Amino acid sequence: MIDLKFIRSNPELVRSAIFNKNEKADLDALLAIDDRRKKLQFDFDTLKSRQNSVSAEIANKKKNKEDAGELITQMSSVAEELKGISTRLGECNQDLEKLLLTVPNIPFESVPIGKDEACNRIVKHWGEKPAFEFEPKDHLSVAEANDLLDLPRGAKISGSGFPIYTGFGAKLERALINFMLEFHLQKHGYTELAVPLLVNRKTMTGTGQLPKLEEDMYHVGEDDLFLIPTAEVPVTNFYAEEVLKQSQLPVKYVAYTPCFRREAGSYGKDTKGLQRLHQFNKVEMVRFVEPEQSYAALEEMLKDAEDILQAFGLHYRVLELCTGDLSFASAKTYDLEVWAPGVGRYLEVSSVSNFEAFQARRAGIRYKDQEGKMQFVHTLNGSGLATPRLMIALLETYQQSDGSVKVPDLLKPWLELTL
RNA sequence: GGAGAGGUGGCCGAGCCGGUUGAAGGCGCACGCCUGCUAAGCGUGUGUAGGUCAAAAGCCUACCGAGGGUUCGAAUCCCUCCCUCUCCGCCA
């Protein structure tokens with residue numbers, strides 16, 4: 001959520017942010033309601049002030065055993081009027097809140113302006129596309145040859161996009177998760193959190209998924225709960241409505257969770273194999289930092305995610321997303337795309353974003369600064385990493401001419417744990 | 001799911017037969033004093049948000065889980081909901 005004061009004093013800046021992000025938010029309506037609300041609030045305060053002072057007078061008279069009947073009848077009409085204003089004010093506040101929640105975050109000044117992903121800026125490449133002495137197969141063929149996946153049965157019991165990992169495939173998936181978790185814990189200083197997978201509406205609103213993306217969420221109507229699309233949601237909301245001590249910052253959490261996405265509107269796109277799923281596993285990093293630190297933290301998190309890909313020796317590139325590709329809540333985002341030689345494409349395995357105070361303001365996450373002033377923290381998060389496309393890259397990159405897969409050495413200990 | 005208890009400031013904890021209670025007291029915290037050091041002690045201060053103001057001070061308004069209601073007036077009374085705890089039931 002954007003500071004209302006900021007919107008009032010920089011309406012054009014906000015307007016262009018909405019435009020550049022391909023969002024639609026009715027700024028004029030918002031400003032008009034804000035105006036109306038201010039007037040109502042003023043009327044309310046004035047009248048309430050009068051009521052308060054007369055009420056005190058009444059109390060005084062009663063204490064002195066004097067007659068207060070006249071004042072009381074006088075005030076009953078004031079109370080009536082006050083009730084009317086208060087109702088209208090309440091409605092006004094609700095409308096304002098609703099509109100405010102549809103205003104996207106403002107892109108950071110350096111973010112390239114552009115309509116869609118074609119305008120994303122390639123920041124760097126790491127490694128090289130692997131060379132093969134044979135025609136590399138795609139991960140589905142590799143998985144099939146090695147009995148690692150059973151997608152048809154996943155589709156049978158749930159639907160397409162719900163993969164089943166079988167035998168060594170399941171073990172490999174588990175090894176990836178554990179390896180990445182421990183990597184961030186031990187090498188990057190994160191603290192682990194294990195969190196709920198179903199969250200309430202307020203939580204979903206806090207990080208910005210709601211109200212915009214409701215149709216992309218799995219919703220349990222009976223309890224009005226949502227399956228999380230990413231651990232970002234429960235982890236960022238860990239501190240919702242709380243005031244942190246400055247000395248606590250920065251806070252760095254890492255969490256593994258399954259993620260659930262309906263992918264409404266993207267049916268038939270990138271559906272082959274593990275490229276796009278309704279349920280997948282992800283290790284997620286989240287940080288809470290002081291505002292001055294957030295862009296340095298963004299670079300650090302990018303590095304944290306890159307370290308995983310580098311450890312696996314996978315070729316990848318880093319993109320800086322343009323305004324049109326930036327998510328609703330983000331001010332700046334890097335995408336990491338790993339090279340998948342089988343499908344012959346770069347696939348997004350991580351998205352690292354700085355939300356500045358946008359989520360903190362929605363979720364009410366604050367801290368007291370050195371002068372004792374209340375400030376919103378800045379929140380960031382980044383995948384570190386999502387497993388399906390990582391799995392794709394590993395299977396396709398490390399496939400052998402005989403059809404087998406040579407798993408990177410550093411995964412061996414995770415695959416050979418003994419009792 | 002049934003029965004009971006409870007949700008007050010950073011924390012603990014009074015108030016809860018309605019009227020200076022934004023809220024006693026304590027702890028914590030900040031600053032100052034005192035003191036070989038530490039500890040203790042003493043003093044002062046210590047919520048958030050909105051408005052007014054050039055700004056500060058000051059003043060006004062809101063907030064005692066959330067939302068409604070009663071009343072001239074509600075932390076205090078009534079209703080609904082949420083959450084926590086205890087007991088019972090059920091179940092991994």
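Here is the naming used below: chain letters follow the sequence lines, and residue numbers restart at 1 for every chain. Because the structure is predicted, anything quoted here is derived from the model rather than measured.
- Look at the P atom in both B/rC27 and B/rC82: the space between them is 39 Å, to the nearest Å.
- Following rounding to the nearest Å, A/Q246 (CD) and B/rC29 (C1') show an atom-to-atom distance of 14 Å.
- Here the P atom of nucleotide B/rG73 and the NZ atom of A/K61 are 18 Å apart, to the nearest Å.
- Separating the C1' atom of B/rG65 from that of B/rU46 is a span of 25 Å, rounded to the nearest Å.
- Nearest-nucleotide mapping onto RNA chain B: of A/K63 and A/K373, the residue sitting toward the 5' end is A/K63.
- Listed by first then second residue, pairs satisfying side chain to side chain donor-acceptor pair (under 3.5 Å) with a partner in residues 279-296 of chain A read A/E173-A/N281, A/Y190-A/R287, A/T230-A/K282, A/Q246-A/E290, A/Y256-A/N281, A/K282-A/E284, A/E284-A/N381, A/R287-A/E300, A/R287-A/D304, A/S294-A/N354, A/S294-A/H378, A/Y295-A/E356, not counting sequence neighbours.
- To the nearest whole angstrom, the two P atoms, one in B/rA74 and one in B/rU20, are 12 Å apart.
- For the pair A/K245 NZ and B/rG10 P, the interatomic distance rounds to 11 Å; values are reported in whole Å.
- Of the residues in residues 200-211 of chain A, not one places a heavy atom less than 4.0 Å from an atom of RNA chain B.
- Using cut-offs of 30° and 60° for the angle between ring planes, the A/F179 and A/F312 rings count as tilted.
- Checked for salt-bridge contact, A/K62 and A/D67 miss the test: no charged N lies under 4.0 Å from a carboxylate O.
- By the 6.0 Å contact criterion, CD on A/Q94 is open, its count of non-hydrogen atoms from other residues, nucleotides or ligands being 12 or less.
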Dot-bracket assigned to RNA chain B with the 3.5 Å Watson-Crick/G-U criterion, [ ] for crossing and | for other-strand pairs, is ((((((((.[[[..)...(.....]]]((((((.......))))))((((((.....)))))).[[[[[..)....]]]]])))))))....
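- Counting non-hydrogen atoms under 4.0 angstrom, A/K5 reaches the backbone sugars and phosphates but no base.
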Please tabulate, for the side chains in residues 96-113 of chain A, all donor-acceptor contacts under 3.5 angstrom to protein atoms that are two or more places apart in sequence or on a different chain.
from   : atom 1 : to     : atom 2 : distance (Å)
A/T102 : OG1    : A/L99  : O      : 2.6
A/N105 : ND2    : A/A329 : O      : 2.9
A/N105 : ND2    : A/F355 : O      : 3.1

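- Comparing B/rA5 with B/rA30, their C1' atoms are spaced 38 Å from each other, to the whole Å.
- Straight-line distance between the C1' atoms of B/rC85 and B/rA23: roughly 26 Å, to the nearest whole Å.
- Ion pairing between A/D34 and A/R8 holds under the 4.0 Å rule for side-chain N and carboxylate O.
- Taken from CG in A/L274 to CD1 in A/I392, the straight-line distance is 5.0 Å, to the nearest 0.5 Å.
- Counting non-hydrogen atoms of neighbouring residues, nucleotides and ligands closer than 6.0 angstrom, the CD atom of A/E23 exceeds 12 such neighbours.
- Comparing B/rC63 with B/rU8, their C1' atoms are spaced 12 Å from each other, to the whole Å.
- For A/F42 and B/rG50, the CZ to P distance is 17 Å, given to the nearest whole Å.
- Looking at A/R15 and A/E12, a side-chain N of the basic residue comes within less than 4.0 Å of a carboxylate O on the acidic one, giving a salt bridge.
- Taking the ring centre of A/F42 as origin, the terminal cationic atom of A/K39 falls outside the region bounded by 6.0 Å and 45° from the ring axis.
- With sequence neighbours excluded, the residues forming a ring-ring contact (aromatic ring centres under 6.0 Å, His included) with A/Y346 are A/H315, A/W339, listed by chain and number.
- Following rounding to the nearest Å, A/K65 (NZ) and B/rG19 (C1') show an atom-to-atom distance of 14 Å.
- If you take atom P in B/rC34 and the same atom in B/rC42, they sit 16 Å apart, rounded to whole Å.
- A gap of 31 Å separates the P atoms of B/rC72 and B/rG9, to the nearest Å.
- A donor-acceptor contact shorter than 3.5 Å is absent between the side chain of A/T203 and the backbone of A/V199.
- For A/I365 and B/rU48, the CD1 to C1' distance is 17 Å, given to the nearest whole Å.
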Scoring nucleotides 58-72 of chain B by protein non-hydrogen atoms under 4.0 Å (B base, S sugar-phosphate only, - none) yields --SSS-------S-B
